[in-house]
Amino acid sequence: MDKIKMTTPLVEMDGDEMTRILWKMIKDELLIPYIDLKTEYYDLGLEYRNETNDQVTVDSANATLKYGVAVKCATITPNAARMTEYNLKEMWKSPNGTIRAMLDGTVFRTPIIVKGIEPCVRNWEKPITLARHAYGDVYKNVEIKVPGAGKAELVFTAEDGSETREVIHEFKGAGVIQGMHNTDKSISSFARACFSYALDLKQDIWFATKDTISKKYDHTFKDIFQEIYDAEYKDKFEEAGIEYFYTLIDDAVARVMKSKGGFIWACKNYDGDVMSDMVSSAFGSLAMMTSVLVSPSGVYEYEAAHGTVQRHYYKHLKGEETSTNSVATIFAWTGALRKRGELDSNKALMDFADALEKATLSTIESGKMTKDLALITSLSDVTVLNSQDFIKAIREELEKLLA
Ligand code: NAP
Ligand code: MG
């Protein structure tokens, strides 16, 4: 069989620990035998980030802006323990944070639905994609612990020196105060990324805040979304037969629980933090969750939502067998290959991505899976495979599909 040709390279960002091991297995078993794989390779493994003073992360983000599509392996975000473990020159920042800032992007997380791994919420038939605004609010707050009686005020000093003031509270005793902000620019980028991605998936998008209580702060989010929708997306949405739907956050939560799924839920930063953990746990497993970073200009970076699976890596280093789930990492590759195919009008590449996803799901549905899934599956006849054998089992299914 001739290998599938690619015209434009994918930006490939390699990573750390167990996911780096899976990365190579996936390429060797499931990609290189079938595709004339064209990638521009960046090693975001911690050792090389340290060697290049993290320049490699910046370079990989610039390459993503240039080519439009990237696929990323999970990477270590250094902490004190990693400083010693890897003898680091500096506590390098999270690569995901650096890339997200450079792409001005929003992260969309989607569960992978497969028969045998049922969501806790029985009426959820289709995946719910969660979009979290990744800037500001309580994550960039300033706080004061008020020691006793006194007046707290909110003051804005304009460049010309003029002041706007609001009394927050006249304290009679001790208490707490918090100041938060966001910017029209960041909210607008978030809105555009959400609307573009909804068009891409041809799914409705829901957005919710508490604008009845927060009449200026949250209302600004609501207004910016509506203005951008009306001016830039309304016609395209109507053409695609999809809907933008705004409601209050508490109403949204109630509707989400009763829904069948199959839409995108856009959340402010804090709501997204909390709700993404709820939605992903309810769907089953972090190892079955994909993630894509979308910039407002339509640049895409695909990855798994989980980390480097450190505990399994240490077992692997000791020569012990691991049963690490590679599904989310495989879907990061298929997502990126399909998007590359779409942009290059390369149907063979898109069809291959579909086939590989199908092969992965039917492997699990046939009862062959990794340990994490075996623990939660509703299937009765289950074979638990190790990391390598699971990927080999997917290859057998893939061969059948491609034959
Ligand atoms: P993690 O790698 O997601 O793993 C946490 C636990 O979840 C694992 O120990 C494992 O449980 C289970 N798990 C996660 N993915 C799995 C998979 N594919 N197959 C089977 N089980 C899986 O999170 P972490 O241990 O907190 O973080 C490890 C490193 O990853 C850290 O250095 C962190 O900075 C980094 N990280 C990177 C990203 C990213 O690049 N996007 C995201 C998050 C974390 P059991 O051990 O019980 O089997
Ligand atoms: Mg969280």
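One-based numbering, in listed order, for ligands and for the atoms of each.
By the 4.0 Å N-to-carboxylate-O rule, D271 lies too far from R132 to be salt-bridged with it. Ion pairing of E153 with R165 is present here, as a side-chain N (NZ or NE/NH1/NH2) and a carboxylate O approach within less than 4.0 Å.
In the model, E143 has a side-chain atom that pairs as donor or acceptor with a side-chain atom of N141 under 3.5 Å.
Among protein residues, K72, A74, T75, I76, T77, R82, N96, A287, E303, H306, G307, T308, V309, R311, H312, T324, N325, D372 come within 4.0 Å of ligand 1, judged on heavy atoms.
Ring-centre distance between Y244 and Y233: not below the 6.0 Å cut-off.
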Worksheet item: Please walk me through it: do E17 and R20 pass salt bridge (charged side-chain N to carboxylate O under 4.0 Å, His left out)?
Response: CA-CA 5 Å; E17 299 195 312; R20 189 181 179 98; over 6 Å; no
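With a 4.5 Å cut-off on side-chain heavy atoms, V294 and T106 do not count as touching.
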